[in-house]
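Every chain is numbered from 1 and lettered A, B, ... according to where its sequence line falls, protein lines coming before strand lines.
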Amino acid sequence: AKLAGYLCNPSSNDYSVERLCAEYAVEAGGEFEEEIYKNTALLTGVCDTLENRLGESGQARVLTDIELPLSTVLADMEKTGFLVNAEGLKSLGEELLERSNEIKKEIYEIAGTEFNVNSPKQLGEILFEKLNIPSGKKTKNGYSTSADILDGLRYDYPIVDKVLSYRQLTKLKSTYCDGLLSAVSEDGRIHTTFNQTEARTGRISSLEPNLQNIPVRTDEGKKLREFFIARDGYTLCDADYSQIELRVLASIADDKNMIAAFNSGVDIHTATASEVFGIPVDMVLPIMRSRAKAVNFGIVYGIGAFSLGKDIGVSRKEAQMYIDNYLKTYNGVARYMDNVIMHAKENGFVTTYFGRRRYLPELSSSNHMVRSFGERVARNAPIQGTAADIIKIAMVNVYNRLKSDYPDSKLILQIHDELIVECPEKDKDAVCRLLEEEMQNAADLKVTLSVDAHSGKNWLEAKG
DNA sequence: CCTGACTCGC
DNA sequence: ATGCGAGTCAGGA
């Protein structure tokens with residue numbers, strides 16, 4: 001009933017039977033001697049109603065073919081858990097604490113006073129008032145001290161550089177070393193909880209602890225992944241989709257140029273730069289690729305010229321030019337973006353390739369900001385949601401094949417476009433091939449899905 | 001106990 | 001004024 005309620009309205013935050021009965025006007029008729037009989041009648045009634053609603057909205061198979069089988073897979077993944085090297089986490093935590101304390105002292109020296117560096121309020125006063133560092137006043141309570149503001153100042157002001165380092169180290173220590181250590185069970189493994197009814201696009205989320213946001217971007221953060229390991233005699237296989245959201249976009253927008261770009265085998269951001277700037281692939285400079293990449297990401301999120309400009313450090317005008325050229329190059333995408341909003345305004349919802357819905361009451365708001373948000377969501381939700389559907393289908397298929405062919409191998413984690421399996425060492429190559437095959441074949445799109453799989457004794461190594 | 005600010009992931 | 005999440009800390013109710 002909970003999963004059916006989620007599909008009927010993924011924007012709700014309460015799928016209790018009480019709440020579902022109220023929302024779908026289900027009442028239990030007649031007299032009941034005991035509470036449990038009444039509750040059973042209510043549950044039966046609300047299931048019937050939800051099933052009808054799903055049939056009417058074309059989501060019956062999303063429930064029966066995706067979410068219900070997936071719930072078994074997720075339960076198994078939670079129960080299995082991910083083995084960690086707790087000793088390693090502990091000693092890294094101690095090292096980080098020492099280093100952050102050193103940096104904290106240096107910050108106090110430059111500031112000429114001791115204060116709580118973790119307090120944005122106190123930090124803002126020190127940096128922008130006491131030390132007169134130029135600021136952009138931003139938040140409603142005072143100065144913004146966020147990384148994108150401080151980044152521009154770090155080379156001119158050593159204290160700013162130290163604050164950023166301090167933040168990085170304390171984040172790793174408190175959220176990851178301490179946070180993960182406190183979540184290690186008696187079996188030495190971390191058992192996350194997957195929430196299947198939280199994300200409005202159809203993604204799953206991970207909590208207590210969140211294993212979907214373990215650091216990977218910085219060298220400092222990457223070290224943590226060495227502590228996520230396979231048990232003795234076993235190996236980790238890690239497989240991830242390459243550019244799944246852009247491939248989904250190319251396919252559902254039926255954009256001939258973007259499809260051709262993917263089929264050419266050239267890196268998609270380089271191919272995009274080549275198209276947008278009208279130059280051969282081998283003339284694309286790193287800066288061009290990086291801007292094309294930012295536009296590719298921005299398009300998926302429904303970005304505007306203002307934010308894109310800020311993101312890549314160019315004027316709003318120049319950013320608008322990039323977007324215009326992009327939409328001229330990929331005119332199927334431009335057409336799709338217009339159509340999806342038109343459809344959403346007419347019907348009040350958008351759908352994924354597999355029929356998952358998201359309702360968008362924001363589109364009829366009189367508030368321009370709310371309405372614009374609704375339009376960005378209308379552009380993004382079918383893309384993000386279709387990618388979520390695809391990996392869910394892959395997970396069910398991988399699970400079933402592992403169960404029958406490699407029963408000692410277990411799916412242990414999903415991170416939106418990535419799956420991790422713990423398998424006997426001898427099976428690692430076969431399991432990598434199995435992952436690639438099932439992930440690639442989870443959906444038949446107009447662009448082939450590309451998957452890379454690697455294996456290793458720890459997560460960092462298995463990333464390849 | 002809640003909200004805002006911040007930072008981590010895709 | 002770029003989509004979807006979660007955890008930690010500060011600060012105030």
With sugar-phosphate meaning primed atoms plus P, OP1 and OP2, does A:Ile214 contact a base, only sugar-phosphate, or nothing at under 4.0 Å between heavy atoms? sugar-phosphate
Is there a donor and acceptor pair, one atom on the side chain of A:Glu198 and one on the base of C:dG5, closer than 3.5 Å? no
Examine the side chains of A:Asn296 and A:Tyr326 and answer whether a donor and an acceptor come within less than 3.5 Å of each other. yes
Hey, is the side chain of A:Arg379 poking within less than 4.0 Å of OP1 or OP2 on C:dG3, counting only N and O atoms? no
According to the interplanar angle, ranging from 0 to 90°, do the rings of A:Phe128 and A:Tyr143 count as parallel (below 30°), tilted (30 to 60°) or perpendicular (above 60°)? tilted
Separation of C:dC4 P from A:Asp389 CG (nearest whole Å): 16 Å
Option among A:Leu211, A:Leu411, A:Thr192, A:Ile420 that satisfies the side-chain contact (heavy atoms from CB on, under 4.5 Å) test with A:Met77: A:Leu411
Donor-acceptor pair between A:Asn141 and A:Thr139 side chains, under 3.5 angstrom: no
Donor + acceptor pair across side chains of A:Thr80, A:Glu422 (<3.5 Å): no
Look at the side chain of A:Arg203 against the base of C:dC4 and say whether a donor-acceptor pair falls under 3.5 Å; ignore hydrogens and angles. yes
Compute whether any side-chain donor of one residue and acceptor of the other, for A:Thr270 and A:Asp267, lie under 3.5 angstrom apart. yes
Give one of base, sugar-phosphate or nothing for A:Val377, where a contact means two heavy atoms less than 4.0 Å apart. sugar-phosphate
Measuring from the side chain of A:Ala199 (C-beta onward, heavy atoms only), which nucleotide among B:dG9, B:dC8, C:dC4 has the closest atom? C:dC4
Give A:Lys310 one of three labels, base, sugar-phosphate or nothing, depending on what nucleic acid heavy atoms sit under 4.0 Å from its own. nothing
When the distance from CD1 of A:Ile149 to P of B:dT7 is rounded to whole Å, what number comes out? 11 Å
Taking only side-chain nitrogens and oxygens of A:Arg200, does any of them come within less than 4.0 Å of OP1 or OP2 of C:dG5? yes
Could you run down nucleotides 7-13 of chain C 5' to 3' and tag each one B, S or - for protein heavy-atom contact under 4.0 Å? BSSSS--
